[in-house]
Structure formats: C-alpha cells, structure tokens
Amino acid sequence: MKVLVIGAHGKIGQILTKKLHDSNDFEEVAGLRTAEQRHAYEEAGVQTVAIDLEKEQTDLEKAMQGVDAVVFTAGSGGKTGPEKTMMIDLDGAVKSIKAAENVGVKRFVIVSAINANKREFWSYGRHDLGPTGNFYYAAKHYADLYLENSELDYTILRPTLLLDDEGTGKVTVTDDLAKVASPKMKVPRADVAATILAVLNNQATVRHSFDLDGGDTPIKEAIDD
C-alpha cells in the first residue's frame with residue numbers, strides 16, 4: 001500500500017513516515033511544504049512530494065496520483081493564531097478530502113483530537129481552552145464531519161494529550177473515552193503512529209471513528225477488537 005502522509009514534517013508525521021519506510025507492508029510518500037524539508041527526507045531515502053495546504057486543491061490532486069491511501073496528520077500548531085488554524089486544520093483537511101475524492105483515492109485516515117466530536121466540550125462560550133483552543137476544536141470537528149459525509153473509506157482517530165515519550169505499544173481504543181473507568185488522558189505520539197499503521201492494515205476500521213488513549217492492550221489487538 002502506497003501511503004501519502006500529509007503533514008509528514010510534524011511530530012506524528014515524522015514518526016509515521018519512518019514506520020512506513022521501515023515496513024514491508026507499505027510504501028511511504030512524505031508530503032512536505034519546503035524544498036529544504038524534501039531534500040532532507042530524500043537524503044534519508046524517503047519518497048517525497050510538495051504539499052502546501054494553503055495553495056490550490058489541484059496541487060493536492062497531483063500529489064495524490066498513484067497513492068492508495070492518505071493520512072492527514074497536518075496541523076497549524078498552537079502558536080500560529082486562529083486564522084492559520086482554520087486554513088490548515090479545517091480548509092486544508094477539506095481540500096485534501098475533496099482531492100482524494102476527485103483522484104479516486106478511497107482510503108483516508110485523519111488524526112483529530114479527543115472531544116472534537118463533542119461540541120459541548122469546546123463551544124457555548126467556553127473560554128479556558130487558550131486563545132486558539134475553540135478555533136482548533138471547531139476546525140477538527142467540522143473537518144471530521146466533512147470526512148464522515150464523504151464517500152471515502154475513512155477512519156478518524158481522536159487521541160488524548162500527545163506526548164513525546166517512547167511508545168509503549170499499548171493503547172485504549174473506544175468509541176467514547178468517558179465510558180472508560182480510569183482513562184490515562186495521554187498517549188505517546190509513537191503509539192498514535194503505530195495505531196495508524198494498524199488501522200491501515202485493518203479493513204474493519206473503515207468508516208469508523210474512535211478515541212485513542214494510552215492503555216494496556218497491544219495496539220493490533222485493540223484495533224482488531
């Protein structure tokens with residue numbers, strides 16, 4: 001399976017791209033914004049393609065030629081302001097979804113955020129999520145909703161607080177983390193990346209979304225269940 005990673009230079013994207021590159025089941029294509037990034041990845045033997053989510057959708061369609069699946073891990077970051085958040089996390093995601101539909105790439109995995117599906121968590125006048133928090137959650141919410149209403153074979157992952165810790169290889173997967181007795185509310189990015197690989201290898205995850213937390217269940221088993 002040839003997989004295009006949009007946001008390959010982000011923290012999850014970097015880990016995921018390496019895992020794809022090292023796997024016997026996948027062929028990676030790293031979607032990168034700058035020539036410098038592309039050069040560095042190509043020096044390491046990674047296939048790359050130019051992607052700027054603030055440019056034309058037709059550029060994304062060109063980048064998706066010949067791929068079997070798209071993983072959207074891109075994000076504007078917490079310091080860029082609400083305008084960039086809406087243009088990358090929302091409009092960039094929607095353009096990527098539309099591009100995949102136009103090109104005929106059916107498989108699409110997106111990394112969202114815990115509680116993005118619960119408007120009561122981030123809407124209705126809540127002011128304790130930081131200067132861009134409400135924009136971030138609104139962007140994730142409506143990007144996910146757009147994907148759910150597409151014709152794509154999607155999977156939506158909603159991870160809890162992301163850590164740079166070494167991966168444990170174990171997670172908790174559930175349709176609603178509020179049902180879990182003692183959620184950890186944190187998960188290493190390496191485990192998120194490994195979960196994405198497990199999702200891509202499991203057709204039963206198509207057109208499903210789930211919360212993803214640190215846990216005690218091996219990743220493949222958690223996804224298979």
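What you see below is based on every heavy atom in this structure, not just the backbone, and it leaves out hydrogens, waters and symmetry mates.
Between the side chains of E27 and Q47, at least one donor-acceptor pair of N or O atoms lies under 3.5 Å. Under 3.5 Å, the side chains of S209 and D144 contain no donor-acceptor pair of N or O atoms. Counting only N and O atoms by type, the side chains of T155 and R107 include a donor and acceptor under 3.5 Å apart. A donor and an acceptor atom, one from each side chain of Q65 and E61, are nowhere located under 3.5 Å apart.
At least one donor-acceptor pair closer than 3.5 Å links the side chain of T205 to the backbone N or O of V199. Counting only distance, with no hydrogens or angles, the side chain of K95 and the backbone of I88 share no donor-acceptor pair below 3.5 Å. The main-chain N or O of R158 is never found under 3.5 Å from a side-chain atom of S112 such that the two would form a donor-acceptor pair. In this structure a side-chain-to-backbone donor-acceptor pair under 3.5 Å is present from D213 to K184. Of the possible polar contacts, none joining the T48 side chain to the E42 backbone as a donor-acceptor pair under 3.5 Å is found. A donor-acceptor pair is defined here as one N or O able to donate and one able to accept, closer than 3.5 Å; no such pair exists between the side chain of H21 and the backbone of V46.
When hydrophobic clusters are built by joining Ile, Leu, Val, Met, Phe, Trp and Tyr residues whose side-chain heavy atoms come closer than 4.5 Å, directly or via intermediates, I110 is grouped together with Y154. In the hydrophobic cluster analysis, where Ile, Leu, Val, Met, Phe, Trp and Tyr join through side-chain heavy atoms closer than 4.5 angstrom, Y146 is grouped together with V105. I15 and L20 are assigned to two separate hydrophobic clusters, defined by single-linkage of ILVMFWY side chains at heavy-atom distances under 4.5 Å. By the criterion of side-chain heavy atoms lying less than 4.5 angstrom apart, applied directly or through intervening Ile, Leu, Val, Met, Phe, Trp or Tyr residues, L157 is not grouped with L152; the two fall into different hydrophobic clusters. Linking ILVMFWY residues whenever their side-chain heavy atoms come closer than 4.5 Å, directly or via other members, leaves L212 and V180 in distinct clusters.
The distance from the CD1 atom of I196 to the CG atom of L16 is 5.0 Å, given to the nearest 0.5 Å. Taking CE of M64 as the start and CD of Q57 as the end, the distance is 8.5 Å to the nearest 0.5 Å. H141 contributes atom NE2, which lies 14.5 Å from atom CG of D89 (distance to the nearest 0.5 angstrom). To the nearest 0.5 Å, atoms CE (M185) and CG (D211) are separated by 8.5 Å. Between E221 atom CD and D225 atom CG the span is 5.5 Å, to the nearest 0.5 Å. Atom CG in N202 sits 12.0 Å away from atom OG1 in T195 (nearest 0.5 Å).
Salt bridge K170/D191: absent, no basic N to carboxylate O contact under 4.0 Å. In summary, D52 and R33 do not engage in a salt bridge, as defined by a charged side-chain N under 4.0 Å from a carboxylate O. Salt-bridge check for D153 with R207: failed, with every basic side-chain N at 4.0 Å or more from each acidic carboxylate O. In this structure, K84 pairs ionically with E54, as a charged nitrogen and a carboxylate oxygen lie closer than 4.0 Å.
Listed here is the closest heavy atom pair of Y137 and A116: CD2-CA, 3.8 Å. The nearest pair of heavy atoms linking P188 to G167 is CB-CA, 4.1 Å. Residue A69 comes nearest to M1 through the heavy atom pair CB-SD, 3.9 Å, listed as atom of the first residue, atom of the second, then distance. Considering all non-hydrogen atoms of both residues, K19 and L197 come closest at CB-CD2, 3.9 Å. Closest non-hydrogen pair, T172 versus G215, comes out as OG1-CA, 3.4 Å. Between A113 and Y136, the closest heavy-atom pair is CB-OH, 3.6 Å.
Heavy-atom contacts from other residues, nucleotides or ligands closer than 6.0 Å to NZ of K106 number more than 12. Crowding of H208 atom NE2: a count of heavy atoms from other residues, nucleotides or ligands under 6.0 Å exceeding 12. Surrounding CG of D216 are at most 12 heavy atoms belonging to other residues, nucleotides or ligands under 6.0 Å away.
With contacts defined as side-chain heavy-atom distances shorter than 4.5 Å, the pair D164/K11 qualifies. In this structure the side chain of F108 never reaches within 4.5 angstrom of the side chain of S150, judged on heavy atoms. Contact check for V71 versus L4: no side-chain heavy atoms found under the 4.5 Å cut-off. With contacts defined as side-chain heavy-atom distances shorter than 4.5 Å, the pair L162/V187 qualifies.
Within the 6.0 Å centre-distance limit, the rings of Y41 and H9 are counted as a close aromatic pair.
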When you look at D175 and F210, which way does the side chain to side chain contact (heavy atoms under 4.5 Å, CB included) test go after all the steps?
CA-CA 5 Å; D175 64 338; F210 55 84; 5.7 Å; no
From CA spacing to verdict: side chain to side chain contact (heavy atoms under 4.5 Å, CB included), L60, L53
CA-CA 8 Å; L60 284 163; L53 290 172; 4.0 Å; yes
Could you check E28 against T17 for side chain to side chain donor-acceptor pair (under 3.5 Å), going step by step and ending with a plain yes or no?
CA-CA 6 Å; E28 84 294 337; T17 299; over 6 Å; no
Evaluate the criterion side chain to side chain contact (heavy atoms under 4.5 Å, CB included) for residue pair F26 and N201; output intermediate values, then yes/no.
CA-CA 10 Å; F26 301 100; N201 263 328; 3.7 Å; yes
Side chain to side chain contact (heavy atoms under 4.5 Å, CB included), that's the test. Do N115 and K118 meet it? Break it down for me.
CA-CA 5 Å; N115 292 322; K118 298 179 178 179; 3.6 Å; yes
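Of the options V70, N149, L147, a side chain to side chain contact (heavy atoms under 4.5 Å, CB included) to I97 is made by L147 and by none of the others. Of the residues D59, I6, L32, V5, the one that meets the side chain to side chain contact (heavy atoms under 4.5 Å, CB included) test with I51 is I6.
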